[in-house]
Peer 1: 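I'd like to ask some things about the structure below.
The figures here come from the full heavy-atom set of this structure, side chains too, leaving out hydrogens, waters and symmetry mates. Please read these numbers as outputs of a predicted model, since none were measured by experiment. Throughout, protein chains are lettered first and strands after them, A, B, ... in sequence-line order, and every chain is numbered starting at 1.
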Number of protein chains: 2
Amino acid sequence: MSAAAGPRPVSIFDVAKRAGVSHQTVSRVINDAPQVAAATRAKVKDAIAELGYRPNRSARALAGGALKSVTVLTTDTSLYGTAETLRGIEDAARAAGFSVLVSVMDPDQAYSEADLLGRLPHDGAAAIVIAHDETTVRAMRALHERQPGATVATCGEHQEDRDADWLISLDDRTVAARATRYLLDMGHRQVHYLAIPGTAGRRTGWSDALAAAGITAPAAVESGWSVAAAAEAATALVADPAVTAILCGNDDLAFGVLHAAHRAGRAVPGDLSVIGFDDYPLAAYHVPPLTTVDLDFRGVGRGAFERLRAMLEGGPDPRPSWRSPELIVRETSGPPRQ
Amino acid sequence: MSAAAGPRPVSIFDVAKRAGVSHQTVSRVINDAPQVAAATRAKVKDAIAELGYRPNRSARALAGGALKSVTVLTTDTSLYGTAETLRGIEDAARAAGFSVLVSVMDPDQAYSEADLLGRLPHDGAAAIVIAHDETTVRAMRALHERQPGATVATCGEHQEDRDADWLISLDDRTVAARATRYLLDMGHRQVHYLAIPGTAGRRTGWSDALAAAGITAPAAVESGWSVAAAAEAATALVADPAVTAILCGNDDLAFGVLHAAHRAGRAVPGDLSVIGFDDYPLAAYHVPPLTTVDLDFRGVGRGAFERLRAMLEGGPDPRPSWRSPELIVRETSGPPRQ
DNA sequence: GGTCACGCCGTGAGCGCTAACATTTCCTCG
DNA sequence: CGAGGAAATGTTAGCGCTCACGGCGTGACC
């Protein structure tokens with residue numbers, strides 16, 4: 001929407017008149033169509049430059065041209081994982097000439113299908129859902145059901161969809177099991193889990209590993225997303241001298257636990273081993289540096305976009321190009337003291 | 001773009017036929033126009049629901065309806081300040097029924113005006129620039145020059161634009177001076193500054209305060225945006241026993257300094273006081289908790305959107321509704337030891 | 001009973017662009 | 001040198017919607 005005044009923006013016809021050609025020729029030039037004589041092309045380009053013409057995306061979309069836009073649906077763009085995934089999508093989208101629409105949903109609201117679809121610019125529009133919680137997982141499902149071809153979701157947490165070709169996800173389950181196993185191998189008798197809301201993969205990996213070692217998993221401790229919530233949720237756990245190892249749903253929670261442990265006077269990693277998830281940039285520089293899991297969110301965002309694009313344009317399915325999750329052992333984990 | 005197959009999406013005409021009215025009446029219903037009989041309205045709404053009709057935004061935009069979209073231009077959506085500002089814009093935009101387009105720019109690239117404008121969906125489109133570095137500041141200027149009415153920029157760093165009505169910004173200069181003054185009042189003889197690239201306000205506030213106290217400011221130490229870069233950039237500073245207080249361009253840098261100080265065996269705040277900027281959620285839970293400055297990015301994002309909307313719709317200029325920057329003293333700052 | 005007003009609804013045009021087809025131009029070759 | 005054909009350009013229609021009108025019916029009022 002143009003503000004207040006300003007003359008009508010220049011259209012393809014203005015350019016055509018200026019260059020002395022038909023509007024269709026101008027269209028061909030701006031779309032790099034082959035069949036245009038070099039001299040004509042130059043004339044048109046000059047006219048475009050002189051007039052400061054810029055194509056109108058709405059008109060283009062309407063006329064049936066390749067729309068080239070993706071809508072990203074998610075709940076919280078300021079969470080590290082989400083922000084990085086978004087970044088990956090944006091990078092890839094920009095490189096491919098797509099524009100990115102971001103639509104943020106309220107994690108506490110139940111959306112109807114209409115609400116969801118209303119967020120897309122038109123029926124059948126391409127979308128990517130960054131799904132970390134119930135709301136987004138539901139959205140991902142609904143969207144996929146409604147428009148099977150044009151939807152891709154990232155980091156979905158539900159096992160049953162894991163292998164679906166429209167879902168891109170990091171295998172946090174296996175690496176959670178690995179992290180748990182690592183703690184067990186260090187000599188810990190039990191590993192506790194501080195859970196972020198709604199992430200099944202990590203939780204399952206943790207209990208799998210415990211089960212494989214013949215250990216009955218304790219109840220996971222539920223936390224909110226924030227550092228504050230984690231510090232709060234972990235106070236009891238941290239105060240219990242029998243607890244020697246805590247796996248956390250992400251690095252924020254790990255920082256919260258570290259904080260709580262410090263308050264409770266428990267030494268890390270002497271009294272307590274703490275492992276996070278996500279490898280925030282800060283993790284390596286925390287005092288002490290945090291043992292965590294590297295998760296290539298940006299790569300997965302790129303991957304999601306590439307997959308979407310392949311679906312859209314019918315190209316071959318691109319090969320996954322992101323790093324596998326990996327445990328990074330730093331200084332908040334070690335053998336139990338005794 | 002619709003994927004592969006699928007029948008033509010349902011249009012306003014399909015709904016009209018189904019409801020036995022004209023397309024224009026349908027248009028009136030979906031736009032909540034007043035002059036429609038209740039019975040007709042109900043019929044149309046039923047038809048819409050049965051057919052699963054959803055208006056096409058491109059067509060709407062093209063036909064001259066209120067477009068209701070904002071493009072946000074910025075460099076790095078995963079930086080805390082940027083992410084929060086974006087979040088604020090999104091919240092406000094969603095509430096007003098606007099959709100949000102995000103366009104990420106490369107901080108190391110010089111963009112031509114054409115490049116910049118090409119990121120907007122059409123000529124004269126509304127845009128907000130989140131400007132933290134040179135690239136975005138330049139973009140903000142260029143955009144404002146080209147379409148004075150429809151551009152608002154957030155957190156611009158250049159003094160001369162500070163009072164422009166199209167620029168929303170937090171007064172980090174004054175609070176930087178306050179933080180510096182606070183350190184001086186604690187007894188520090190000198191305050192050093194570790195700078196993020198391109199932020200004039202904080203740097204100026206710092207040197208102002210020093211000058212006001214009759215102290216010659218040392219050269220600011222330049223750092224990159226990352227914790228790693230900060231830790232690296234601060235090594236010499238931290239190793240110098242004469243340095244007792246460091247003000248940092250943001251919390252990431254402060255964490256880097258803290259890390260470097262720890263490595264160098266200097267106690268905080270005993271040997272060294274460190275102050276950050278931004279008040280990351282983590283700052284309060286760091287060990288020790290970080291003294292920093294609360295900056296209401298989310299509020300400023302909201303404010304930027306409201307201002308833009310007022311410009312667009314000609315409403316009254318909304319009153320600023322964000323918190324003023326405030327120094328939050330925690331445990332990384334105190335009097336020098338001796 | 002005619003006029004006017006008003007509430008409700010329909011018709012036509014056109015936003016800026018692209019797809020499909022029609023037409024012209026120009027070169028090639030027998 | 002004229003036919004044939006490809007290359008280059010023009011013409012027309014229409015995407016889905018909104019805007020500006022115009023038309024029709026009902027009721028009020030003189």
Peer 1: Salt bridge between A/Arg94 and B/Asp106, side-chain N to carboxylate O under 4.0 Å?
Peer 2: no
Peer 1: What I want to check is whether an N or O donor and acceptor connect the side chain of B/Arg57 with the base of D/dG16 at under 3.5 Å.
Peer 2: no
Peer 1: The side chain of A/Ser22 is closest to which nucleotide in this list: C/dC17, D/dG10, D/dC17?
Peer 2: D/dG10
Peer 1: Tell me which nucleotide among D/dT9, C/dC17, C/dC9 gets nearest to the side chain of A/Val36.
Peer 2: D/dT9
Peer 1: What is the ring orientation for A/His144 with A/Trp166, classed by angle as parallel under 30°, tilted 30 to 60°, or perpendicular over 60°?
Peer 2: parallel
Peer 1: Rounded to whole Å, how long is the line connecting atom OH of B/Tyr53 with atom C1' of D/dG16?
Peer 2: 7 Å
Peer 1: Between B/Asn56 and D/dC15, is there a side-chain N or O to OP1/OP2 distance below 4.0 Å?
Peer 2: no
Peer 1: What is the distance, rounded to the nearest whole Å, between atom CD of A/Gln35 and atom C1' of D/dT9?
Peer 2: 10 Å
Peer 1: Spell out yes or no: do the side chain of B/Gln24 and the base of D/dC19 have one donor N/O and one acceptor N/O closer than 3.5 Å?
Peer 2: yes
Peer 1: Below 3.5 Å, does any donor atom in the side chain of A/His23 face an acceptor in the base of C/dT18, or the other way round?
Peer 2: yes
Peer 1: I need the NZ-P distance between A/Lys68 and C/dC17, as an integer number of Å.
Peer 2: 17 Å
Peer 1: Taking all non-hydrogen atoms of both residues, which atom of A/Arg119 and which atom of A/Ser103 are closest, and how far apart?
Peer 2: NH1-OG, 2.7 Å
Peer 1: With sugar-phosphate meaning primed atoms plus P, OP1 and OP2, does A/Thr40 contact a base, only sugar-phosphate, or nothing at under 4.0 Å between heavy atoms?
Peer 2: sugar-phosphate
Peer 1: Where the side chain of B/Ile12 is defined as all heavy atoms beyond and including C-beta, which of D/dC17, D/dT9, C/dC9 is the nearest nucleotide?
Peer 2: D/dC17
Peer 1: Side chain of B/Thr25 only, heavy atoms from C-beta on: which candidate in D/dG16, C/dT18, C/dG10 is closest?
Peer 2: C/dG10
Peer 1: What is the separation between atom NZ on B/Lys43 and atom P on C/dC9, rounded to the nearest whole Å?
Peer 2: 8 Å
Peer 1: Write down the distance between CG (A/Asp14) and P (C/dC15), rounded to a whole number of angstrom.
Peer 2: 11 Å
Peer 1: For B/Val26 and for A/Ala37, find the nucleotide of DNA chain D with the closest heavy atom, then tell me which residue's nucleotide is more 5'.
Peer 2: A/Ala37
Peer 1: Whole Å only: how far is the CD1 atom of B/Ile30 from the C1' atom of D/dC19?
Peer 2: 14 Å
Peer 1: Choose from D/dG16, C/dT18, C/dG16 the nucleotide whose nearest atom is closest to any side-chain atom of A/Ser27.
Peer 2: C/dT18
Peer 1: Could you tell me how far apart B/Arg60 (CZ) and C/dG16 (C1') are, to the nearest whole angstrom?
Peer 2: 18 Å
Peer 1: Between the side chains of A/Arg87 and A/Asp91, is the shortest nitrogen-to-carboxylate-oxygen separation below 4.0 Å, so that they form an ion pair?
Peer 2: yes
Peer 1: Tell me whether the side-chain N or O atoms of A/Arg54 pair up with the base of C/dG16 as donor and acceptor below 3.5 Å, since no angle test is needed here.
Peer 2: no
Peer 1: Could you point out which residue of A/Thr77, A/Val72, A/Thr82, A/Asp76 forms a side chain to side chain contact (heavy atoms under 4.5 Å, CB included) with A/Val104?
Peer 2: A/Thr77
Peer 1: Tell me: CZ of A/Phe13 to C1' of D/dT12, nearest whole Å?
Peer 2: 11 Å
